[in-house]
Protein chains: 2
Amino acid sequence: MADINPSNKIPARPQKGLYLRKQDLRRGIELMFFAYRDFTGEADDVLAELGLGRAHHRVIYFVGRQPNMTVSDLLTILKITKQSLSRVLSHLVAEGYIRQEQGARDKRQRLLSLTYRGEDLEERLTDLQCKRFAAAFSACGGEAVAGFQDVLANLINEDERAALQARYPDLFE
Amino acid sequence: MADINPSNKIPARPQKGLYLRKQDLRRGIELMFFAYRDFTGEADDVLAELGLGRAHHRVIYFVGRQPNMTVSDLLTILKITKQSLSRVLSHLVAEGYIRQEQGARDKRQRLLSLTYRGEDLEERLTDLQCKRFAAAFSACGGEAVAGFQDVLANLINEDERAALQARYPDLFE
DNA sequence: TATTATTGGTCAACATGGCTGACATAAATC
DNA sequence: GATTTATGTCAGCCATGTTGACCAATAATA
């Protein structure tokens, strides 16, 4: 019997690449949700024991990465309002995780850095997340890691990607 | 002048693979943060106009993906408390995005599905995120997409990954 | 069958961390 | 010097997590 229906062989739409089917794009959405949920989960548990939350973690992480940064710097990275940041930051200063010094050039600025206590916590949290990445990277291999980095970089807003590249030259290799 | 310090040529630690250096793992952390932030940003804006939040989006997305699912099903996916879910869900039902029917086999259950209004919103939001993925995937190519999927899958908790595989067989190819 | 345990869901109250608005102070500009 | 701009704070609102107490339907068991 002849194959009357050509749809068995010829795709209905022009084939732009198998990874661009709706199903594959939805898989991207779902993997991002599940991976992010678990990626942050362990650190959240540690933070909860200390009476801190994910917002505190972000501040500690980025201040640790770039000591003596200003509040404004943090705001452009976190993309939250300075009022939101202020609450979290005040808490971290009060609890002795973060130290702030008045800026020499501009006295309005408060330069942020981690105390020893802050460094300890940062290391503990970062180690947790790094271990997860090390396991995943090991399981997948270098090619996959490169692809992972490439896709994530391209999910970032274009203008934002340029700004990040200027701030963190090694973020995109 | 002879090269006295060998650290210029010989790595301090055994070389487990270039993508497992601390720097690369931290890049993973940072890319996840920035990519997730922007990946959710556009949809958040649409939701905000409708007086909804990201929590509502998650419910709409997963109910759309699997109509007639129960509240319990949703809970195991979202990993939040049923009290949290209840508030969001009640709101969505009140606003006419979601319909709930009593379960036939078990009258305690309420089977969830999208109304036409809910379907419209789901499509609008999913399209936004799919477009972002389509652009990123196109820019990076199929190899990168495969690596992206592989790494994300391996970032998910192992037990959870098994459970997801059972629920969504096509999530991991 | 009657009782008990489990499962599915709701209501109330609290905490975190977003948000806006009003404001103080330092610096830059006119 | 007066105004404008930038940095940061305080107060209060809202969304969305949390726990605890509870009700109803079903399943398990004495």
Side-chain angles (χ1 to χ4, degrees), chain A residues 33 36-37 40-41 43-63 68-95 97-112, chain B residues 33 36-37 40-41 43-63 68-95 97-112:
Chain A
F33 169 70
Y36 196 82
R37 186 194 62 184
T40 54
D44 285 348
D45 293 343
V46 172
L47 289 157
E49 287 171 16
L50 301 171
L52 301 174
R54 200 179 293 177
H56 302 93
H57 185 187
R58 291 184 193 125
V59 170
I60 286 176
Y61 181 89
F62 284 107
V63 170
N68 290 313
M69 73 192 312
T70 67
V71 172
S72 281
D73 286 334
L74 252 184
L75 287 175
T76 55
I77 290 172
L78 299 178
K79 293 267 187 287
I80 59 174
T81 61
K82 58 181 174 176
Q83 294 90 329
S84 296
L85 176 55
S86 177
R87 190 197 306 116
V88 172
L89 197 49
S90 304
H91 187 191
L92 288 171
V93 170
E95 297 284 326
Y97 293 100
I98 284 195
R99 179 179 44 237
Q100 43 191 16
E101 290 175 52
Q102 195 173 53
R105 204 192 66 240
D106 186 333
K107 287 180 188 171
R108 292 171 300 183
Q109 294 182 334
R110 291 174 310 145
L111 308 183
L112 308 171
Chain B
F33 169 71
Y36 197 81
R37 186 195 61 184
T40 54
D44 285 348
D45 292 344
V46 172
L47 289 157
E49 286 170 16
L50 301 172
L52 302 173
R54 200 179 293 177
H56 302 93
H57 184 186
R58 291 182 194 128
V59 171
I60 287 174
Y61 181 88
F62 284 106
V63 170
N68 290 313
M69 72 192 313
T70 68
V71 171
S72 282
D73 286 335
L74 253 183
L75 287 176
T76 55
I77 290 173
L78 299 178
K79 292 267 188 288
I80 60 175
T81 59
K82 59 181 173 177
Q83 295 89 328
S84 296
L85 177 55
S86 178
R87 191 195 306 115
V88 172
L89 197 49
S90 303
H91 187 189
L92 288 171
V93 170
E95 297 284 327
Y97 293 102
I98 284 194
R99 177 178 48 237
Q100 42 190 16
E101 290 175 51
Q102 197 175 52
R105 205 193 66 240
D106 186 334
K107 287 181 186 169
R108 294 171 299 183
Q109 294 181 333
R110 290 173 309 143
L111 309 182
L112 308 171

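Everything quoted here is computed from the prediction, not taken from an experiment. Here is the naming used below: chain letters follow the sequence lines, and residue numbers restart at 1 for every chain.
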From CA spacing to verdict: side chain to side chain contact (heavy atoms under 4.5 Å, CB included), B:Leu92, B:Val59: CA-CA 9 Å; B:Leu92 288 171; B:Val59 171; 3.7 Å; yes

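- Considering every non-hydrogen atom in both A:Gly53 and A:Leu47, the closest pair reads O-CD1, 3.6 Å.
- Among the atoms of the strands shown, only primed sugar atoms or phosphate atoms (P, OP1, OP2) are found under 4.0 Å from some heavy atom of B:Lys107.
- In the set D:dG17, C:dT20, D:dT26, the nucleotide with an atom closest to the side chain of A:Thr81 is C:dT20.
- In this structure, CG in B:Leu75 is found 9.5 Å from CE in B:Met69, a value given to the nearest 0.5 Å.
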Intermediate values then yes/no, side chain to side chain contact (heavy atoms under 4.5 Å, CB included), A:Leu52 and A:His91: CA-CA 9 Å; A:Leu52 301 174; A:His91 187 191; 3.9 Å; yes

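- A straight line from CD of B:Gln100 to P of C:dG8 spans 15 Å, rounded to a whole angstrom.
- Comparing D:dT7, C:dT7, D:dT9 against the side chain of A:Gln109 picks out D:dT7 as the nearest.
- At whole-Å resolution of the value, CZ in B:Arg108 and P in D:dA25 are 10 Å apart.
- When rounded to the nearest whole Å, the span between CG of B:Leu112 and P of C:dG8 equals 13 Å.
- Comparing D:dG20, D:dG17, C:dC19 by their closest approach to the side chain of B:Gln83 singles out D:dG20.
- A:Arg110 approaches A:Val71 most closely through the heavy-atom pair NH2-CG2, 3.6 Å.
- Within residues 84-93 of chain A, the residues having any heavy atom closer than 4.0 Å to DNA chain D are, in order of number, A:Ser86, A:Arg87.
- Here the side chains of B:Gln109 and B:Gln102 are not in contact, with every heavy-atom distance at 4.5 Å or above.
- The NZ atom of A:Lys82 sits 14 Å away from the P atom of C:dA24 (whole-angstrom rounding).
- One can place CG of A:Asp73 at 14 Å from C1' of D:dG8, the figure rounded to the nearest angstrom.
- If you check every strand for non-hydrogen atoms under 4.0 Å, B:Ser72 touches sugar and phosphate atoms only.
- Between the C1' atom of D:dT16 and the CG atom of A:Asp44 lies a distance of 14 Å, rounded to the nearest Å.
- Applying the side-chain contact (heavy atoms from CB on, under 4.5 Å) test to B:Ser86 and every residue at least two apart in sequence or in another chain returns B:Ser90.
- Comparing D:dG17, C:dG9, D:dG8 by their closest approach to the side chain of B:Val71 singles out C:dG9.
- When the P atom of D:dA24 is taken as reference, atom CD of B:Gln102 falls 14 Å away, rounded to whole Å.
- If you measure from atom CG of A:Leu78 to atom P of D:dG8, you get 13 Å, rounded to the nearest angstrom.
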